[in-house]
S.K.: 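Handing you a structure now.
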Amino acid sequence: MKIECVTLHLIRMRLKTPFVTSYGAHSDRRTILIEIADADGLTGWGECVAFDTPHYTEETVDTAWLILERFLIPAIVGVPLQHPSEIPELLAPIRRHAMAKAGLEMAVWDLYCKRAGIPLSQALGGVRGEVDSGAAVGLQASEDALFRVIERFVEEGYRRIKTKIKPGADLALIERIRARFPDLPLMADANSAYRLADAARLRQLDKFDLMMIEQPLDVDDIVDHAQLQRQLRTPICLDESILTADDARKALQLGSCGVINIKIGRVGGLTEAKKIHDLCVERGVPVWCGGMLETGIGRAHSLALASLPGFTLPADLSASSRYWERDVIVPEITVAGGRIRVPDGPGIGYEVDRAFIASVTERKQTYRMS
Ligand code: MG
C-alpha cells in the first residue's frame, strides 16, 4: 500500500443546538476531513477532531492544518506501507499534535481495510456487533432545560447520561438530577474545573452513586488525581490526562483513576488507542470511547474502536441527528434501543457524501507525491 495523494477538506457544520462545557460554547463545528488515495484510486477517510480553540488540548483546526501540510503528510506520502500500525513510527519525529496525526492515521486504517475488504472493527479486533450509546449533555441555561434534555435522552433509550459539572454547578445540580432520576446510569464530567483543595466537596458526590467523575483536576496531572482518588469512593475517569499508552500505565500504577476514556484523536490514532485498550484489559480497568463532536467519519472510527472487548461502558457515541441536520456519511448513524450497530462493510462501513461535504467546505487542498 502506498499513499499517492492526500486531500484536506476543512468544513463548517452548524450544530443543531450549541454545546456548552466549562471550556466554552460551540455553535458551529469546523473540522478537517482527511481523504487519502492510493495508486489504484481507492480512498480512505479520517477526521482531525481538534476544535477551533486550544481549550480542550493545545491543538486547533488551524494548527492541525499547518502541521499536516508541512510535516505529517510529507512524512507518509509515497512511503511503502504494510500496515497502518506503521504510521505512528513514521510520525514520531514530530512531537505531539495528536489530533492531526490521528486524522491521518484513521484515513490509512480505512484505506487498508477497504483494500483488504474487511470492516475496520474486525481489523482492530472488535468483538461486538452493537455498541451501547451514552448521551453527553452540555451545560444548560436552566435546570428545567437540563431536565428536559435528560428526559428526552432517557426516552430515546440512551444507556447512560453524562452531565457537565463545574464549581457552583455541581452538588445541588447532581442532587436534583438524582432526585428526579433515581436509577439513571449517571456520570459527571468536570473538564478539569477543580483543584485538589476541592477534595472535600467532590467527596460529597460519593452519595449519588455516579458511575464515575471524569477529569476533575488538571489536564497534565496524574499525581493529584491519585491523591484525590484515595479520598473518593466514586471512580475517577481520566480523559485529558491520558495522551499515550505510557500515560495510562503510569496513571494506573499511581492509582490516579479507575476508568479511562479513550478518544482516538487525543491519543494520536487507532494504534495507540488499541494499545491503551489492551493495557486496560490486562489490568482489569474498564474503558469507554469518548466523543469530540465528530462528524460521521470520526464517529464511524470511534464506533469500530468501541467494538473492542474492553469497552464495557457506554460510549459518547450518539446518533448523527443528535448534533446534525445532515451528516457527512450515508446512511447516518442511528441509535435503536440505546445501541448503535457496528457496520460490517469494508473500512468504516459508511459511504462518504462528497456532494454534501463540498457544500460545507471552507478550504480544500490536495497534496501529491512529488
Ligand atoms: Mg471529557
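Every number for a ligand or one of its atoms is a count from 1 in the order of the listing. Residue numbers count from 1 along this sequence. Computation of the quantities below employed the complete heavy-atom set of this structure, encompassing side-chain atoms and omitting hydrogens, waters and symmetry-equivalent molecules. In this text, all values refer to a predicted model and were calculated from it rather than measured experimentally.
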S.K.: I'd like a table of donor-acceptor pairs (distance under 3.5 Å, sequence neighbours excluded) in which one partner is a side-chain atom from residues 118-127, with atom names and distances.
M.R.:
none

S.K.: Closer than 2.8 Å to the Mg ion (ligand 1): does that hold for any N, O or S atom in E214?
M.R.: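 So E214 does bind the Mg ion (ligand 1) by this criterion.
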
S.K.: Kindly confirm whether the Mg ion (ligand 1) is within less than 2.8 Å of some N/O/S atom in D239?
M.R.: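 True for D239.
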
S.K.: Output yes when R30 and D62 qualify as a salt bridge under the 4.0 Å nitrogen-oxygen rule, no when they do not.
M.R.: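 Salt bridge between R30 and D62, a charged N being under 4.0 Å from a carboxylate O: yes.
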
S.K.: According to the interplanar angle, ranging from 0 to 90°, do the rings of H83 and W109 count as parallel (below 30°), tilted (30 to 60°) or perpendicular (above 60°)?
M.R.: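 Correct class here is perpendicular.
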
S.K.: Checking H9 side chain against T361 main chain: does a donor-acceptor pair fall under 3.5 Å?
M.R.: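 Looks like no, no N/O pair under 3.5 Å.
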
S.K.: If I consider every N, O or S atom in D189, which one ends up closest to the Mg ion (ligand 1)? I only need its name.
M.R.: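 This residue's closest N, O or S atom turns out to be OD2.
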
